[in-house]
Undergrad: 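Here you go, one structure.
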Amino acid sequence: MPRTITIAGNWKMNKTATEAVELAKPIIQSIANQSEITVIMCPPFTALHAVSELIANSSTRLGAQNMSDKASGAYTGEISPAMLRDLHVTHVILGHSERRSYYGETDAIVNKKTLAALENSLKPILCVGETLAEREAGKTFAVIKTQLVQGLAEVSASQAENVIIAYEPVWAIGTGKTATPAMAQEVHAFIRQELTGLFGESTAQKIRILYGGSMKPDNADALLSEVDIDGGLIGGASLTAKDFLALVEAGKTAAAKKV
Ligand code: PGA
């Protein structure tokens, strides 16, 4: 069974709820109930409810961009897994490099969130990736290994099938610099090898590994043709319906080739 190609839009801190509906509407109308690939929209928390209502009868999935690892209580400003589930959220981005660098999220915190997501039947999209300094120092694989091993600590093999990994080289996020398909494939293959060590071959073959970092319609086909690139986590180019739909088309083309 080939892994289902996944196209996920990370809208970051963009779009009011009103604007999110304007963006999501034409996308949902256009892709309707396609089932060739998994499409996930990750609006900000404040737009989850509005987008949830729009996608209720479609195959499009809803993702959050962060989550508390706590179930409830005195955690001002935080959002619990149950709150997301209640809005029909199915996926949650965890450990994005912006959260790691601006909000001090460590691998230990990312691990707690990953476990909480899985316990609440939310699929984590666990982000890993090296900075430019780390790449130039030859530390790419070591950094990614640590992020994987620590971020996935205590995750069982059966739970791991519900985890999506996103490889996002920090130097490529929002910069217009994309990893070449060969550079990305090299790291994706390394990630799959590490997942094999952690969870065994058959589980590792099922886990989807997305690429993120300046992915856009004109580089998506080449990236998605690589054997271990199972989709994209897309920031900037997910903010217009035209580009998002073009990326969905690229995903479908790749899915048709990978059968
Ligand atoms: P970008 O962001 O596509 O704008 O580079 C990707 C991401 O950070 O998820």
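If you read the sequence from its start, that first residue is 1, and numbering goes on from there. For ligands, and for the atoms within them, numbers begin at 1 and follow the listed sequence.
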Undergrad: Just distances here: any N/O of Glu168 and N/O of ligand 1 closer than 3.5 Å?
TA: yes
Undergrad: Any N/O of Ile173 closer than 3.5 Å to an N/O of ligand 1?
TA: no
Undergrad: Would you say Tyr211's side chain and Ala179's backbone share a donor-acceptor pair under 3.5 angstrom?
TA: yes
Undergrad: Could you list the atoms of ligand 1 found under 4.0 angstrom from a heavy atom of His96?
TA: 7 (C), 8 (O), 9 (O)
Undergrad: Which atoms from ligand 1 have a heavy atom of Ala172 less than 4.0 Å away?
TA: 5 (O)
Undergrad: As an exercise, identify every atom of ligand 1 less than 4.0 angstrom from a heavy atom of Asn10.
TA: 9 (O)
Undergrad: Can we say Glu78 and Lys70 salt-bridge, meaning some charged N sits less than 4.0 Å from an Asp/Glu carboxylate O?
TA: no
Undergrad: Any carboxylate oxygen within less than 4.0 angstrom of a Lys/Arg side-chain nitrogen, looking at Lys257 and Asp221?
TA: no
Undergrad: Write down the atom of Gly95, the atom of Glu105, and the distance for their closest heavy-atom approach.
TA: N-OE1, 4.1 Å
Undergrad: Report yes or no: does Gly174 have a heavy atom closer than 4.0 Å to ligand 1?
TA: yes
Undergrad: Parallel, tilted or perpendicular for Phe190 and Phe141, by the 30°/60° rule?
TA: parallel
Undergrad: For Ser214, state whether at least one heavy atom is located under 4.0 Å from any atom of ligand 1.
TA: yes
Undergrad: For residues Tyr103 and Glu98, report the shortest heavy-atom separation together with the two atoms involved.
TA: CD1-O, 3.7 Å
Undergrad: Just wondering, are more than 12 heavy atoms of other shown residues or ligands nearer than 6.0 Å to CG in Asn57?
TA: no
Undergrad: Which ligand 1 atoms does Gly235 reach within 4.0 Å, using its non-hydrogen atoms?
TA: 1 (P), 2 (O), 3 (O), 4 (O), 6 (C)
Undergrad: Under 4.0 Å from a heavy atom of Lys12: which atoms of ligand 1 are those, numbered in the order shown and with their elements?
TA: 2 (O), 7 (C), 8 (O)
Undergrad: Can you name the atoms of ligand 1, numbered from 1 with element, that are less than 4.0 Å from a heavy atom of Gly213?
TA: 5 (O)
Undergrad: Could you list which atoms of ligand 1 come closer than 4.0 Å to a heavy atom of Gly236?
TA: 1 (P), 3 (O), 4 (O)
Undergrad: Output yes when a side-chain donor or acceptor of Arg99 lies under 3.5 Å from a complementary backbone atom of Ile93, and no otherwise.
TA: no
Undergrad: Could you tell me which atoms of ligand 1, counted from 1 in the order shown, lie closer than 4.0 angstrom to a heavy atom of Leu233?
TA: 6 (C), 9 (O)
